[in-house]
Amino acid sequence: MKLGILFSGGKDSNLAMYIAKKYGYEIEVLITLIPKSEGFLFHYPNIKWTTLQAKAIEIPIIQHEIEIGENKEVEGLKEALEIAKKEFNIEGIVTGAIRSTYQATRFQKVCDLLDLWCFNPLWLKDEIEILKYILKENFEVVITGVSAYPLNESYLGKKIDQNFLEEIVKLRKYLNIAGEGGEFETFVINSPLFKRKIKIKKAKKIWNPDEYRGYYLIEEAELW
Amino acid sequence: MVTIISTCKEKLSIEEFVRPIIKIIENKGLKYRVIGYKNTNKFNFEDKVIITGTALKDFDYLNHIDKFKWIINYNKPILGICSGAQIIALVFGSKLLPDSKIGVFNVKVFVEDPIIKNEEFRAYFLTKRKIIPSKSLQVIAYSNDFPAIFKVIGRNIYGFTFHPEVLNQEIIERFVSL
């Protein structure tokens, strides 16, 4: 079956794609939605670098700009999937949804409208086990956004490693440790599906102490 | 041992609809086995059975209802989830109508039952079929006019048209403890 990946560039969509590949599915296209400003469904701020990830994985990518506002985001998703279906003959999509019934409902409804399969291989998986699995499978993942106490500026630009895993387990009662609610956002620079790694050459931290949130903005990156 | 019957046609769906059930059973320290819906007539069952749900677009299980006729004379508890509930309903002479219900909705319980403690709760639905129950079934909970939970009269055979593994895991925990 030919599938598209709803792709944010973060650990969850990369892992979902990896699982689909392991099961023998053909990944035809990555589908990235680029909000015109920060929305509540989709990843931001390094979303434009998904084109570099697509080159690293050697899979085509559709980057579709969408308006913000709930109905507009869903409409944008529908448009992107229509393009993917028409241009790449996908029969379904794979998402990295873990526990959010809000996200899952919207993905399922749009897929139903377009007669597409909707696969969510990370659904209800334990968040710690996801992080352990990513490390075990040698994913290299950089933290590119934090927006929940007690995560702070010092986490920006850090790689997810065993130390991070141990720290985040201790913080479990304070936040969704998989980061699905936007508590922390990530960018994958290497995975078993990458033909070449991504090297971040230049980045800057942007921290807003009033809102207690910040980003690690990638300014220059290349394949190596 | 709990037997989990997967109604998933696609391997990726197993991750989504079977593994969460496995996790609940493992957390209770119980043994289990998993078999596919095309092979259920080849096994002898001795204990509780859970028939899982599957992807919204997947209706292949409807081509294999004949393999579930053993349910009619089965005396141990069975819990059917979504497509699993549809299978049970069809085996006992019910009908299915096209009717989508996708998302989180309120469920109201009208009949007391040992595995359902709350009178009202939120549940995650992912279905395109509404069960029109036969006389063999008693609907014990509704979401508006949509049958949410039914039971085969006189038996511990349940059908959940929503996915309890998402927001109501305690129901499955109580079922496997029956």
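Quick caveat: nothing in here was measured; it's all calculated off a predicted structure. Worth knowing before you read on, the calculation uses all heavy atoms, side chains too, and leaves out hydrogens, waters and symmetry mates. Just so it is clear: chains get the letters A, B, ... in the order the sequence lines come, proteins before strands, and each one is counted from 1.
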So which part of [X] gets closer than 4.5 Å to some heavy atom of chain B, the side chain, the backbone, both or neither?
X: A:L3; result: side chain
X: A:K125; result: both
X: A:A16; result: neither

Next on the checklist: side chain to side chain contact (heavy atoms under 4.5 Å, CB included), that's the test. Do A:I34 and A:T50 meet it? Break it down for me.
Outcome noted: CA-CA 10 Å; A:I34 302 188; A:T50 49; 5.6 Å; no
Could you go through residues 90-98 of chain A and list every donor-acceptor pair under 3.5 Å that involves a side-chain atom there, pairing it with any protein atom two or more places apart or in another chain?
| from | atom 1 | to | atom 2 | distance (Å) |
| --- | --- | --- | --- | --- |
| A:E91 | OE2 | A:K2 | N | 3.1 |
| A:T95 | OG1 | A:A97 | N | 3.1 |
| A:T95 | OG1 | A:N120 | OD1 | 2.5 |

Checklist entry - Can you name the closest pair of heavy atoms from A:E137 and A:P192 and give their distance? => result O-CG, 3.2 Å
Item to check | Residues B:K23, A:E129: salt bridge by 4.0 Å N-O rule | outcome: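 Salt bridge between B:K23 and A:E129, a charged N being under 4.0 Å from a carboxylate O: no.
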Checklist entry - Less than 4.0 Å between a side-chain N and a carboxylate O, is that true for A:E140 and A:K159? => result yes
Item to check | Close contacts, residues 93-107 of chain B versus chain A, judged by heavy atoms under 4.5 Å | outcome: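 Under the 4.5 Å heavy-atom cut-off, B:S100, B:I102, B:G103, B:V104 qualify.
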Item to check | Which portion of B:I14 sits near chain A, non-hydrogen atoms under 4.5 angstrom | outcome: neither
Checklist entry - Are side-chain N/O atoms of B:T54 and B:T7 paired as donor and acceptor at under 3.5 Å? => result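 No, B:T7 and B:T54 have no side-chain donor paired with an acceptor closer than 3.5 Å.
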Checklist entry - Do any pairs count as a salt bridge (charged side-chain N to carboxylate O under 4.0 Å, His left out) and have a residue in residues 74-83 of chain A, sequence neighbours left out, and if so which ones? => result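 Every pair satisfying salt bridge (charged side-chain N to carboxylate O under 4.0 Å, His left out) with a residue in residues 74-83 of chain A: A:K78-A:E82.
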Checklist outcome for this item: side chain to side chain contact (heavy atoms under 4.5 Å, CB included) filter on A:T144, not counting sequence neighbours, yields A:N46, A:V142, A:E185, A:F187, A:Y216
